[in-house]
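No experiment lies behind these values; they were computed from the predicted model shown. All chains are named by letter (A, B, ...) in the order of the sequence lines, taking the proteins before the strands, and each is independently numbered beginning at 1.
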There are 2 protein chains.
Amino acid sequence: MFYSRFSMRRKPSQERSRQVVEALVEATAQTIAERGLAQTTTNHIAARAGVSVGSVYQYFGNKEELVGALLDKLVGDLGHAVDRGLPLLLEADLKTIVRGLLQAGFAFLGGNEKLYLELARNWDQLSTQRFLRTLERHLQEVFRLYALRHYRELHIANLPVAVFVVTNSMVFTILHYLSLPQAPCTREVLMDELTEMAAGYLQGSAAVAG
Amino acid sequence: MFYSRFSMRRKPSQERSRQVVEALVEATAQTIAERGLAQTTTNHIAARAGVSVGSVYQYFGNKEELVGALLDKLVGDLGHAVDRGLPLLLEADLKTIVRGLLQAGFAFLGGNEKLYLELARNWDQLSTQRFLRTLERHLQEVFRLYALRHYRELHIANLPVAVFVVTNSMVFTILHYLSLPQAPCTREVLMDELTEMAAGYLQGSAAVAG
DNA sequence: GCTTATTATGAATACTTACTCATGTTCTAC
DNA sequence: GTAGAACATGAGTAAGTATTCATAATAAGC
């Protein structure tokens, strides 16, 4: 499944152990959401998964691999979410698409905002980068497809850079918004403004080739 | 100076001790830039400042206060930088202003990119928030002044939200750009695109009141 | 049932690090 | 010059945590 990236110390062959691995990854997510990444210890994770610390090291070489496995799972979820919502969107106009993507983004966060906030807090570690790169790849595909259908309206010289700018602006602004103790505006207003900015930029863009 | 926010354990009254405090804050900046915030220990800081660990606790209640003092200093620097560059910009048109602000932003980073990147890595802690809020306040002032002179061209219903969106988009996109092992485009191209996006948004904005 | 491979355990280990405090040094005021 | 205040020192303390490993339980193969 999602434990392919990191060479596990031991590959679980019985059903029992496969469940332990799954429980450990799930417990990692819960513990990070609850206590923060820095305060998440291997003992906490093991306890929450209902196993002993030793079992962690039966399947994961170290703590980092555990978090890596969690990230792999989330990146997979992200891919599925985009693939599901994509076909419906492409018929609409640019503004509707952007709004739809933002809506989908918030939906993806679901109830796990604390987890994603904690992971975002530690962007810049390679693991989090992987998440953003995946998102960028998907969005590039969206806008590539959109450009094919509406080649008259859209003039983006440098699609990767445009997507980079838009993606990062959206993601980080939303994350920072969510992390604020008291919001400066409603979620709707934020989405309106972000849509305005992104759609306007993508529509009117005559990006210089880089 | 910048050690007012945190009630220091002991207020330095002699010149000698004032220099120690300064050296400690400077050493904090250097050590964070060099080793990262997580790997920065009080012993490292003391060693680099050329004093013993005990002296750290002579003036700062804990490690956090040290970092807080550094943040205070940087926030002060930021204020001065903006105040210096501001009057010149307000005569220009919106695009030039935004471009100028971005340029000023990069100039502010100066050679300290690693330090700011490390601090940004730990946004969401209250200390970093303070930095962003200061920046937002300054930019709100800039655009408020601009709006007074060009009230015909600019129609921003909700200035605080617009500034929030633009500021966060710019800052985090730039920080992420800087943190990438290999850049997806030149710094110039990035600035062009960000300018395009922000200026277009601020010009054409008919923001919904929130 | 018996043997072997797989899985689970958790006290013990080894290491790091923030912070203290008893002692020593330097400054200042008179 | 000397008393007392301010300052400096750094080995030591306490607390936490990733990881190991000898031992025990469970499953699979025959």
Check this one for me: any side-chain N or O of A:Arg16 less than 4.0 Å away from OP1 or OP2 of C:dA5? no

B:Glu15 CD to C:dT26 P: how many Å, rounded? 18 Å

Rounded distance in Å - NZ (A:Lys63) to C1' (D:dT20): 17 Å

Once the angle between the rings of B:Tyr177 and A:Phe164 is folded into 0 to 90°, is it parallel (under 30°), tilted (30 to 60°) or perpendicular (over 60°)? perpendicular

Gap between atoms CZ and C1', on A:Arg35 and D:dG16 respectively (whole Å): 12 Å

Return the value, rounded to whole Å, for the distance between atom NZ of B:Lys11 and atom P of D:dC7. 12 Å

Under 4.0 Å between a side-chain N or O of B:Ser17 and OP1 or OP2 of D:dA6? no

Check: B:His44/B:Thr41 side-chain N/O donor and acceptor closer than 3.5 Å: yes

Calculate the interatomic distance between A:Asn62 atom CG and D:dT17 atom P; express it in whole Å. 17 Å

Please confirm whether the shortest side-chain N or O distance from B:Arg9 to OP1 or OP2 of C:dT20 is below 4.0 Å. yes

Does any residue of residues 43-58 of chain A have a heavy atom under 4.0 Å from DNA chain C, and if so, which ones, in number order? A:Val51, A:Ser52, A:Gly54, A:Ser55, A:Gln58

Could you state the CZ-P distance from B:Arg18 to D:dA6, rounded to the nearest angstrom? 13 Å

Value in whole Å for how far the P atom of D:dT20 lies from CZ of A:Phe60: 15 Å

Quick one: salt bridge (Lys or Arg N to Asp or Glu O under 4.0 Å) pairs with a partner in residues 170-182 of chain B, sequence neighbours left out? none

Nearest nucleotide by nearest heavy atom, which residue falls closer to the 5' end of DNA chain C, B:Gln14 or A:Gln14? A:Gln14

How would you label the contact of A:Thr42 with the nucleic acid (heavy atoms, under 4.0 Å): base, sugar-phosphate, or nothing? base

For A:Arg10 and D:dT19, give me the distance from atom CZ to atom C1', rounded to whole Å. 17 Å

Flag for B:Thr40-B:Thr31: side-chain donor and acceptor within less than 3.5 Å: no

Is it true that B:Arg99 and B:Gln103 share a donor-acceptor pair across their side chains at a distance under 3.5 Å? yes

Are a donor atom and an acceptor atom from the side chains of A:Tyr201 and B:Glu193 found within less than 3.5 Å of each other? yes

What pairs of donor and acceptor atoms, side-chain ones from residues 134-142 of chain B against any protein atom, are under 3.5 angstrom apart with sequence neighbours left out?
unit_1, atom_1, unit_2, atom_2, d
B:Thr134, OG1, B:Arg130, O, 2.8
B:Glu141, OE1, B:Arg144, NE, 3.4
B:Glu141, OE2, B:Arg144, NH2, 3.1

